[in-house]
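Residue numbers count from 1 along this sequence.
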Amino acid sequence: MLGRLTLHALPFYSLIALGGALVTVLAGLAVLGVVAWFGAWRYLWQEWLTSVDHKRIGMMYIIMALVMLLRGFVDAIMMRTQQAVALNSQGYLPPGHFDQVFSSHGTIMIFFVAMPFLTGLINIVVPQQIGARDVAFPFMNSLSLGLTAAGAGLVLISLVLGKFSAAGWTAYPPYSELKFSPGVGVDYWIWAVLISGVGSTLTGINFVVTIVARRAPGMHLMRMPLFTWTAFCTVILMVFAFPALTVASALLGLDRTLGMHFFTNGHGGDMMNYINMFWMWGHPEVYIVVLPSFGVYSEVVATFSGKPLFGYKSVVFATMAIALLSFMVWLHHFFTMGASANVNAFFGITTMIIAVPTGVKIFNWLLTMYRGRIRMVAAMYWTVGFIVTFTIGGMTGVLLAIAPVDYLMHNTTFLVAHFHNMLIGGALFGYFAGYQYWFPKATGFRLDETWGKRAFWAWFVGFYLAFMPLYVLGFMGMPRRLERYYVPSWQPLLLVAELGALTILTGIICQIIQLVVSVRNRAALRDTTGDPWDGRTLEWMTASPPAAYNFAVLPHVHGVDELALRKESGSHMNPPGIYHDLEPCRDIVVPNNTGAGPLIGALAFGLGFAMVWYIWWLAILAGLGIWGLLVMRSFDDNDLHVIPAAEVERTETGRLSAAAR
């Protein structure tokens, strides 16, 4: 009836694992209790979970990312603490549990922090930046969110029932094959990645079509804002890269579930095929997570320097070059495979070449700030901190592009430091800058600046304390993924790294306080103009938060930084109900909310859980339920409603009157 699921699946094997499970369960119950206390079930379902409004979907993505960031950071603290105390001792984590911790940390941070965060920012901002009323496929957007949430749920429930994978976040065979990982941990990883990966692929398709087909009149490709350009390249990468991961993880699942041998060397398979497919996704994924941050920095620097971005076209071409080259460097992740010198040389050279368009952007941002009227708000702090940190990380990346150097450094903490230099100092700092910058657009009030700057300094200092020692330890020969060691000279540096992790924890606490303080003081921080930063692009021409339709009349675009051009001509403030283009308001058609997306997400979670535990009847029911909902949705012809022109005009009149006051 329940397959492999028995009482032995409960985490009684370790007090630490049991504590983690209890915290997870109690946190979930606390959220449900708060919703029940306020009687908000109907509101939550009707206004949020079933919404197809791209802005609300984007906000739910970001909420998911922030929740999973807390969960993933707990793993980071546990690893740093274990390594700080494990000199000539077992430490406090058994080896198998430590392996689970670093596997779940990497999986969560890549798939369920970085991906939802960037997808949330793209959802909130891109349709408004291109002057569109919605994305191309609103239901697909809701479905993508449901599938991503289902994958995150599978990772979280692995803390409570069973164990998570101990084969690393990359799940390399043979470690992830049934012979070496006979439990359910790798299966949890496979189904979480499969389900969320399908959601990411659908997101990519949705936004490729949105950006190609939904741009406002006059917005040619070379008039698109830089964040939209980086998002465009990102979603193209998602469309082409994620299928490789889906195929690799599906074949690994077939090896484990049906006894096939795609990756078992002893039975005609080849584990290097998995590693090649994984990094055919994995290196484009590095740029999938960092390119949107480049777009954020471009918008933030231009806005808070009070001038157009220096070298707009060069940044666009550099972004496209990065997107193309990102598919030509994957083998540098395993120079130690034993490929020929010519193969290693090719991938080493392409790795060095990709640093060129990346470096071009640094000069563009610096030259934009040069002689600008710079306002050092919290978003600019994150941006300047990124420029310094990312430059260091980029130089270490070029160093690792040299195959003989990589051969020595590949399995050391040097690589850990470089990887985090890119993903924290590059991607995550950008997400936080975008979070600070676009928060008033999404919610209607700004975040508290003082606590935002305190959070930045804690993150910035903590990052250097946590990861600069790992570069040194890498030179000293310390392997990564090490749960204990016997070299006394390593411990002082590991203690500094532990201090850095605790400092970053202080930054996270500051961000929580910032959010609480901002919500409490939201009346004083209210944005009634829709343009609290004196922005330059079209999203700042809408209300904060925007109406369901974004624009009452689609704007006509005349150049890059359309809103800045309108401000210069004095045409950004319009008579009530009338835009710059002198067109009257008309009826607007918008999609209806639907419960199909979240319900399919719930069934996908059930399908994944059933496949992990071999509960075949549940898997069949969940699969049939998903199919049935998709069929029902395809026959739903009543999925639109009309907002009358009179209502649109009343809304716009009220907004513009408030802005004028």
Side-chain angles (χ1 to χ4, degrees), residues 66 68-87 91-93 98 101-110 113-114 169 286 289-290 293 381-382 384-397 400 409 411-433 454-485 487 489-512:
L66 294 175
M68 296 302 287
L69 175 63
L70 294 176
R71 170 63 186 83
F73 187 75
V74 170
D75 289 337
I77 286 282
M78 291 175 69
M79 286 188 289
R80 291 273 68 85
T81 303
Q82 168 70 13
Q83 291 187 327
V85 302
L87 173 63
Y92 74 99
L93 285 175
F98 182 85
V101 168
F102 78 69
S103 300
S104 66
H105 172 73
T107 302
I108 287 170
M109 290 302 192
I110 294 294
V113 175
W169 78 272
V286 172
V289 300
V290 83
S293 290
Y381 275 67
W382 291 109
V384 174
F386 148 79
I387 290 174
V388 176
T389 307
F390 193 80
T391 301
I392 295 171
M395 290 188 291
T396 60
L400 289 171
M409 297 294 182
N411 203 37
T412 71
T413 57
F414 187 95
L415 188 66
V416 176
H418 163 71
F419 189 66
H420 285 81
N421 216 149
M422 298 288 97
L423 293 185
I424 295 179
L428 192 58
F429 278 19
Y431 303 157
F432 287 153
R454 289 170 181 167
F456 162 76
W457 282 116
W459 269 94
F460 186 72
V461 173
F463 171 82
Y464 278 87
L465 289 174
F467 292 103
M468 293 302 119
L470 299 189
Y471 281 122
V472 180
L473 286 166
F475 279 122
M476 295 169 69
M478 180 178 175
R480 51 182 173 156
R481 310 187 188 103
L482 200 64
E483 88 280 354
R484 74 185 81 165
Y485 53 95
V487 182
S489 60
W490 293 352
Q491 190 175 44
L493 290 168
L494 289 169
L495 288 170
V496 174
E498 167 77 349
L499 177 61
L502 294 174
T503 307
I504 291 174
L505 175 61
T506 304
I508 293 175
I509 293 171
C510 288
Q511 288 174 304
I512 295 171

Side chain Y431, main chain V289, donor-acceptor under 3.5 Å: yes

Taking every non-hydrogen atom, the tightest pair across M409 and G474: SD-O, 4.1 Å

Approximate separation, where rounding is to 0.5 Å, of F386 CZ and I424 CD1: 14.0 Å

Donor-acceptor under 3.5 Å (T412 side chain, G477 main chain): no

F73: partners by ring-ring contact (aromatic ring centres under 6.0 Å, His included), with sequence neighbours left out: none

Nearest heavy atoms of M476 and S489, plus distance in Å: CE-OG, 3.6 Å

Spacing of CZ belonging to R480 relative to CG belonging to L482, to within rounding of 0.5 Å: 12.0 Å

Stepwise side-chain contact (heavy atoms from CB on, under 4.5 Å) test for I509 and L505: CA-CA 6 Å; I509 293 171; L505 175 61; 4.2 Å; yes

Partners passing side-chain hydrogen bond (donor to acceptor under 3.5 Å, both in side chains) against T396 (at least two apart in sequence or in another chain): H418, Y471

Stepwise side-chain contact (heavy atoms from CB on, under 4.5 Å) test for N421 and F390: CA-CA 7 Å; N421 216 149; F390 193 80; 5.9 Å; no

Any side-chain heavy-atom pair of L69 and I108 under 4.5 Å: no

Pairs flagged by salt bridge (charged side-chain N to carboxylate O under 4.0 Å, His left out) wherever residues 411-426 is involved - sequence neighbours left out: none

L423 and I110: CA distance, side-chain angles, deciding distance, side-chain contact (heavy atoms from CB on, under 4.5 Å) verdict: CA-CA 9 Å; L423 293 185; I110 294 294; 3.5 Å; yes

Taking every non-hydrogen atom, the tightest pair across S293 and G430: OG-CA, 3.5 Å

Any pair counted as salt bridge (charged side-chain N to carboxylate O under 4.0 Å, His left out), so long as it reaches residues 70-87, sequence neighbours left out: R71-D75

Passing option when T413 is tested against M478, R481, Q83 for side chain to side chain contact (heavy atoms under 4.5 Å, CB included): M478

Would you give me the side-chain donor-acceptor pairs under 3.5 Å for residues 457-470, sequence neighbours excluded?
residue	atom	partner	partner atom	Å
W459	NE1	Q511	OE1	3.0
Y464	OH	T389	OG1	3.0

Side-chain (Q491) to main-chain (A84) donor-acceptor, under 3.5 angstrom: yes

Sidechain-backbone polar pair: H105 side chain, V101 backbone, donor-acceptor under 3.5 Å: no

Trace of the side-chain contact (heavy atoms from CB on, under 4.5 Å) decision for V85 with L494: CA-CA 9 Å; V85 302; L494 289 169; over 6 Å; no

Under 3.5 Å donor-acceptor, Q82 side chain and L93 backbone: yes

Distance in Å, M79 CE paired with E483 CD, rounded so as to fall on 0.5 Å steps: 12.5 Å

Ring geometry between W382 and F432 (parallel below 30°, tilted from 30 to 60°, perpendicular above 60°): tilted

ring-ring contact (aromatic ring centres under 6.0 Å, His included) against F475, all qualifying residues, sequence neighbours excluded: F414

Centroid separation F456 to Y381 less than 6.0 Å: yes

Closest heavy-atom pair and its distance - M422, V290: O-CG2, 4.4 Å

Rounded distance (nearest 0.5 Å) linking atom OG1 of T503 with atom CD of E498: 9.5 Å

